[in-house]
2 protein chains.
Amino acid sequence: MDDRLDAIFSALSDPTRRAILGRLAHGKATVAELADPFKLSQPAISKHLKVLEQAGLIRSGREANSRPRVLEPDALKTIADWIADYRRFWDQSFDRLDDYLSKVQGYENDKSRDRH
Amino acid sequence: MDDRLDAIFSALSDPTRRAILGRLAHGKATVAELADPFKLSQPAISKHLKVLEQAGLIRSGREANSRPRVLEPDALKTIADWIADYRRFWDQSFDRLDDYLSKVQGYENDKSRDRH
DNA sequence: ATCCAATATAGCCCTATGGTTATATAGCTA
DNA sequence: TAGCTATATAACCATAGGGCTATATTGGAT
């Protein structure tokens with residue numbers, strides 16, 4: 001699991017790759033469409049896409065001639081969960097909100113819900 | 001701001017550094033204490049600490065002979081905020097929860113609260 | 001003043017990363 | 001089948017990253 005976190009954080013550490021994810025948040029896109037905003041060569045973009053795919057952040061489809069990419073949210077959820085363990089360090093209202101929700105219909109009384 | 005995200009994600013992409021943060025989540029610690037669990041040399045740990053500090057994830061204190069480190073939560077909040085923009089992709093209950101909270105005393109009717 | 005303990009810095013090595021150009025592959029289209 | 005389009009792969013280069021050992025620095029203790 002450490003390896004998975006390594007790969008995800010590492011993939012996200014590049015601004016080009018984050019921009020690509022940003023584009024994919026609006027829907028699937030071809031390699032050409034993803035490459036368009038950048039001054040990089042097409043192979044450079046393909047490399048970035050490979051990094052994102054190996055980190056599990058995106059997935060490749062196949063559609064006629066092209067291989068459209070889509071977002072794969074699980075990887076982002078993985079690191080969101082990791083970060084959630086630290087949430088109490090910055091969010092004063094975290095515990096209060098957590099207590100509140102634990103009393104509300106439809107939410108379990110489980111203080112660790114959002115922490116692990 | 002891109003540079004800041006680069007540095008934070010990059011710092012988090014190393015398992016040793018994440019383990020160091022995990023240790024610091026229990027309270028401040030000296031370099032020697034932080035180095036203890038690892039088979040790495042002391043300079044290697046100092047390098048990791050420098051990376052974490054330059055990313056804004058930790059801060060150095062000064063106490064007699066030693067320079068204890070403490071967690072600096074803002075950097076983690078920065079990327080948590082970044083990830084929050086993607087939360088809707090994996091959390092079905094996100095919108096429902098958001099709607100719910102918007103009706104509750106003490107929470108504004110602001111759907112973008114947790115998204116930006 | 002000296003010495004020891006804690007930590008930082010320098011210099012070196014090897015591998016990983018991000019970019020490039022050139023070329024290969026796969027699927028339409030004529 | 002020939003050629004065009006979309007994308008992937010190969011080979012190469014330069015820089016960054018993470019490890020090491022050796023050494024410098026800083027502060028407390030004797």
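Since this is a predicted model, take the numbers as computed values, not measurements. Chain letters run A, B, ... following the sequence lines, proteins first and then strands; every chain starts at 1.
- For residues 38-52 of chain A, no pair satisfies salt bridge (Lys or Arg N to Asp or Glu O under 4.0 Å), with sequence neighbours left out.
- Of all non-hydrogen atoms in A:Phe89 and B:Ala25, the two that sit nearest each other are CZ-O, 3.2 Å.
- Mapping heavy-atom proximity under 4.0 Å, the span of DNA chain C touched by chain A runs 5' to 3' from C:dG18 to C:dC28.
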Checklist entry - Please walk me through it: do A:Tyr86 and A:Trp82 pass ring-ring contact (aromatic ring centres under 6.0 Å, His included)? => result CA-CA 8 Å; A:Tyr86 294 88; A:Trp82 183 88; 5.0 Å; yes
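- Each ring-ring contact (aromatic ring centres under 6.0 Å, His included) pair with one or both residues in residues 38-61 of chain A, not counting sequence neighbours, would appear here, but there are none.
- Checked against side-chain hydrogen bond (donor to acceptor under 3.5 Å, both in side chains), A:Gln54 has no partners two or more places apart in sequence or in another chain.
- Contact check of residues 16-26 of chain A against DNA chain C (heavy atom, cut-off under 4.0 Å) returns A:Arg17.
- Between the CG atom in B:Leu57 and the CG atom in B:Leu76 there is a gap of 5.5 Å [rounded to 0.5 Å].
- In terms of the side chain to side chain contact (heavy atoms under 4.5 Å, CB included) criterion, residue partners of B:Pro43 (sequence neighbours excluded) are, by chain and number, B:Ser41.
- Applying the side chain to side chain contact (heavy atoms under 4.5 Å, CB included) test to A:Ala35 and every residue at least two apart in sequence or in another chain returns A:Ile45.
- Interface residues of residues 37-56 of chain B facing DNA chain C, ordered by number: B:Gln42, B:Pro43, B:Ser46, B:Lys50; criterion, heavy-atom separation under 4.0 Å.
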Which atom pairs, one a donor and one an acceptor, fall under 3.5 Å between side chains of residues 7-15 of chain B and the rest of the protein, sequence neighbours left out?
unit_1  : atom_1 : unit_2  : atom_2 : d
B:Ser13 : OG     : B:Ser10 : O      : 2.7
B:Asp14 : OD1    : B:Thr16 : N      : 2.8
B:Asp14 : OD1    : B:Arg17 : N      : 3.1

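- At a non-hydrogen distance threshold of 4.0 Å, B:Asn65, B:Ser66, B:Arg67, B:Arg69 from residues 58-73 of chain B come into contact with DNA chain C.
- Judged as a salt bridge (Lys or Arg N to Asp or Glu O under 4.0 Å), the pairs with a partner in residues 3-13 of chain B (not counting sequence neighbours) are, in order, A:Arg18-B:Asp6.
- Under the salt bridge (Lys or Arg N to Asp or Glu O under 4.0 Å) criterion, A:Arg59 pairs with A:Glu72, sequence neighbours left out.
- Heavy atoms of B:Ser10 sit nowhere under 4.0 angstrom from any nucleic acid atom.
- A donor-acceptor contact closer than 3.5 angstrom links the side chains of B:Ser60 and B:Arg69.
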